[in-house]
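Below is one structure, written out as structure tokens; the observations come after it.
Treat the numbers as computed from the prediction; the structure is a model and nothing was measured.
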Amino acid sequence: MSHQPPPFKCSRDEGMNISKSEITKETSLKPSRRSLPCLAQSYAYSKSLSQSTSLFQSTESESQAPTSITLISTDKAEQVNTEENKNDSVLRCSFADLSDFCLALGKDKDYTDESEHATYDRSRLINDFVIKDKSEFKTKLSKNDMNYIASSGPLFKDGKKRIDYILVYRKTNIQYDKRNTFEKNLRAEGLMLEKEPAIASHDIMFIKIHIPWDTLCKYAERLNIRMPFRKKCYYTDGRSKSMGRMQTYFRRIKNWMAQNPMVLDKSAFPDLEESDCYTGPFSRARIHHFIINNKDTFFSNATRSRIVYHMLERTKYENGISKVGIRKLINNGSYIAAFPPHEGAYKSSQPIKTHGPQNNRHLLYERWARWGMWYKHQPLDLIRLYFGEKIGLYFAWLGWYTGMLIPAAIVGLCVFFYGLFTMNKSQVSQEICKATEVFMCPLCDKNCSLQRLNDSCIYAKVTYLFDNGGTVFFAIFMAIWATVFLEFWKRRRSILTYTWDLIEWEEEEETLRPQFEAKYYKMEIVNPITGKPEPHQPSSDKVTRLLVSVSGIFFMISLVITAVFGVVVYRLVVMEQFASFKWNFIKQYWQFATSAAAVCINFIIIMLLNLAYEKIAYLLTNLEYPRTESEWENSFALKMFLFQFVNLNSSIFYIAFFLGRFVGHPGKYNKLFDRWRLEECHPSGCLIDLCLQMGVIMFLKQIWNNFMELGYPLIQNWWSRHKIKRGIHDASIPQWENDWNLQPMNLHGLMDEYLEMVLQFGFTTIFVAAFPLAPLLALLNNIIEIRLDAYKFVTQWRRPLPARATDIGIWLGILEGIGILAVITNAFVIAITSDYIPRFVYEYKYGPCANHVEPSENCLKGYVNNSLSFFDLSELGMGKSGYCRYRDYRGPPWSSKPYEFTLQYWHILAARLAFIIVFEHLVFGIKSFIAYLIPDVPKGLHDRIRREKYLVQEMMYEAELEHLQQQRRKSGQPVHHEWP
């Protein structure tokens, strides 16, 4: 029996662009057995390869419009004159998206963006599509009720050259020499520039930049940009037959998911599966290897913008090594803005269901950024296509984090409701509410009087909501949840980086920052990876700058601690005033009023300090001169996180672990500066103060962040449109001018978005034992946050540079650090802040169940009386007699050692330390075991990546030999049909 190769299947046969009859006309190279499964379809590109070579070698000027376009049919190539089809709707597959959906554009007409008041002329938009099959087009429209359009954008005045970047400057600016030199150098590098004055302002001038094909190819090769050169074939073997039941099971799940209302309707989106093509670093010498059906759409809009920005950052504007880059020109006022343009308006006068999307921005708004889509999954592929991989990964992470918050919120809500339903049955709450004859010692020296214990009944019940039998379980659950969330995100990230072709990007394309090159150009060292000389920062200089930066960080942290100390002093001073306040409500609940006022003041201080932190972190990061952009972002993000984490959580740490711990006892209180008596906890404990601090700061900060992210840009954009209305009448505003009137993206990119979510993650995990509703609040906020960020990116911000990234940067390490810190802090909160350990010790050592257990007896009976110590009021010298009670484990006045710690105190202290050790080791062990069980990269994906690397190498060799055979046929030389 002859050996037969394993079966294989290709992802799309219709993407081969050539018929089988044409394949058989030429004797093809016999492939090797190693590459046989996925090379069978490679011969379908034999003609397109030769055409791509002619595309690159063509001497036709960029300014000349193509008069004809070649269509590959199943029989032969036909020449179609574009002028003859100008009245027809046209269709072409967008190879910028590498998709096979053919996108359509309807009749010529103008449409108006109602929010931006922009009227667009169709002559300014790309309109160079080709009809594939009119019958298929009509069928597809009737089936999906959707017109698909190719990715396009605004054009030069000739209506042919695409605008890839926009520069803006003021005519009144006197630094025209720098601009002229800069623009001259840009033209020398191969860019095309066109100036156009603004319509709404006579002082504003726009420079539209277009990058021609030859320049694109040169820089794509220099930056090692990976481009598609073969359709993928998926290898299968005989073992797949044994998985029939499993495949049937997964098919049922997939069919159910298709009916899930949260799943997006795929018919509303173009096909964006770029993973269906093998990619390799672009090379002009091997351009015949790549799939180039149209040089205008071969490089996507995002890639074109990235290449232009790379050139802008490395072009000189004056003589001198440091006089380089668009950033410095913006900083010195030569230009006032630089941004890639949006593809068009995000709204249309025609409904999208009947007329289809006008552009990708319109599609993103209708299917993602609208508030009505809050329950839908995110179109991550389209987000990545329009905004780049870096922003796409942010929204992927945010969506993953929000989805993982659902089980955490459900469990936290169950713990809360468990406390709510059992609150009236709590033995501790019942004893406090019935203690009408128990008087507590005064909580301040001057204006405070004796207080009945039952006055704390409400506080005791509220405390029980967060400090009950489910607290320990929930703390362990959240520690495990944090590990599962991070480990599964790593798997999700690996799938996305593979799908988006980012597996080898970081090593290949990470470039030096211009500031680093300009600073250390005299000191070069050979890069051990590339073998090329590059600027080098001496170790002594690096250490010196790091020491200065670290000193600045510690100074700012000490400033935060000083601010917290000021708030503590405020609490000590004001509690005497509130205790004697004229309003009965404040006088009765003076402790609550003191805490609430302190929280609000602390929040104001936090917001004010944040303004200073950002500027200081920016200066310290620039002082370090990071080597690459990722290093700069990681260094800046770490500083901002340290500043804001300490700023937000320092007061919470004080309340959790220091409030009421060192107050002394009646008759011998400890005082600050021998003047102010240290603050005590409420008779029901300090946990209620911790819950109040966390809840208020978390709630107010989320409201403030949402306003600054959306409300402030909305107000600014409304005012800009209002000024435009007053300045012009019935004038058409081009897209780039509408973009100029939008707000620019934050100077530090996604740092603010990540920082907000990471700090929220800290609130959700670090003190979750004291506030089990934190995951629920985070979930509700994130549902709003996703659509708020989407709306902001699509409608309120200029289009950001579509940057690339393989992960979320340093934030993953910060999240892992927060997960470790959360285990430690929750152990201390349960052991020290809550009354869980004292109740546990009393129940099994001092309570009625210490020696025997009776089913009908409550083991916590008498706990409140046991936890309160006695003090003789006559010792105060105020003319009062009797005894008052206070929270502590000290001997009574009639004992041999009055007011000394009792043996029960030391038992509780030992139990607390033992609990911390056992809890930490147990949870860390579970976390490590779970992290070991969940690999970062799925095994199937790991094998697929290795196989594709192997196949790419094989296909490169095969394609090169095929190209050599074609050249030999043309020259009449003999052709070798066997693999050498």
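- For Gln760 and Glu756, the side-chain atoms include no donor-acceptor pair closer than 3.5 Å.
- Judged by distance alone, the side chain of Thr471 and the main-chain N or O of Phe466 form a donor-acceptor pair under 3.5 Å.
- Using a distance-only test at 3.5 Å, with no hydrogens or angles considered, no donor-acceptor pair links the side chain of Ser426 to the main chain of Met423.
- Checked against the 6.0 Å centroid threshold, Trp894 and Tyr883 count as a close aromatic pair.
- Defined by atom type and a distance below 3.5 Å, a donor-acceptor pair is missing between the side-chain atoms of Glu785 and Tyr401.
- More than 12 heavy atoms of other residues, nucleotides or ligands lie within 6.0 Å of OH in Tyr669, so this atom counts as buried by the packing criterion.
- Taking CD from Glu920 and CZ from Phe915, the interatomic distance works out to 9.5 Å, rounded to the nearest 0.5 Å.
- With hydrogens and angles disregarded, no donor-acceptor distance shorter than 3.5 Å links the side chain of Gln427 to the backbone of Leu860.
- Of the possible donor and acceptor atoms, none in the side chain of Asp467 sits under 3.5 Å from a partner among the backbone N and O of Thr463.
- Put simply, the side chain of Val411 does not reach to within 4.5 Å of the side chain of Pro407, judged on heavy atoms.
- Taking the ring centroids of Phe840 and Tyr844, they lie under the 6.0 Å cut-off.
- Not a single donor-acceptor pair under 3.5 Å links the side chain of Asn826 to the backbone N or O of Ile476.
- Tyr570 OH to Ile601 CD1: the interatomic distance, rounded to the nearest 0.5 Å, is 3.5 Å.
- With values rounded to the nearest 0.5 angstrom, Leu909 atom CG is found 9.5 Å from Phe901 atom CZ.
- By the 30° and 60° cut-offs, the orientation of the rings of Phe653 relative to Phe657 is tilted.
- Cation-pi geometry between Arg885 and Phe870 is satisfied (NZ or CZ under 6.0 Å from the ring centre, within 45° of the ring normal).
- Centroid-to-centroid, the aromatic rings of Trp481 and Phe485 come within less than 6.0 Å.
- Ring geometry for Phe871 against Tyr899 counts as tilted: the plane angle lies between 30° and 60°, on a 0 to 90° scale.
- Atom CZ in Arg912 sits 12.5 Å away from atom CD1 in Ile830 (nearest 0.5 Å).
- Interatomic distance, CD1 of Ile406 versus CD1 of Ile783, reported as 7.0 Å (0.5 Å rounding).
- For the atom pair Ile786 CD1 and Asn781 CG, the distance stands at 10.0 Å (nearest 0.5 Å).
- In terms of modelled atom types and a separation under 3.5 Å, the side chain of Asn782 and the main chain of Leu779 share no donor-acceptor contact.
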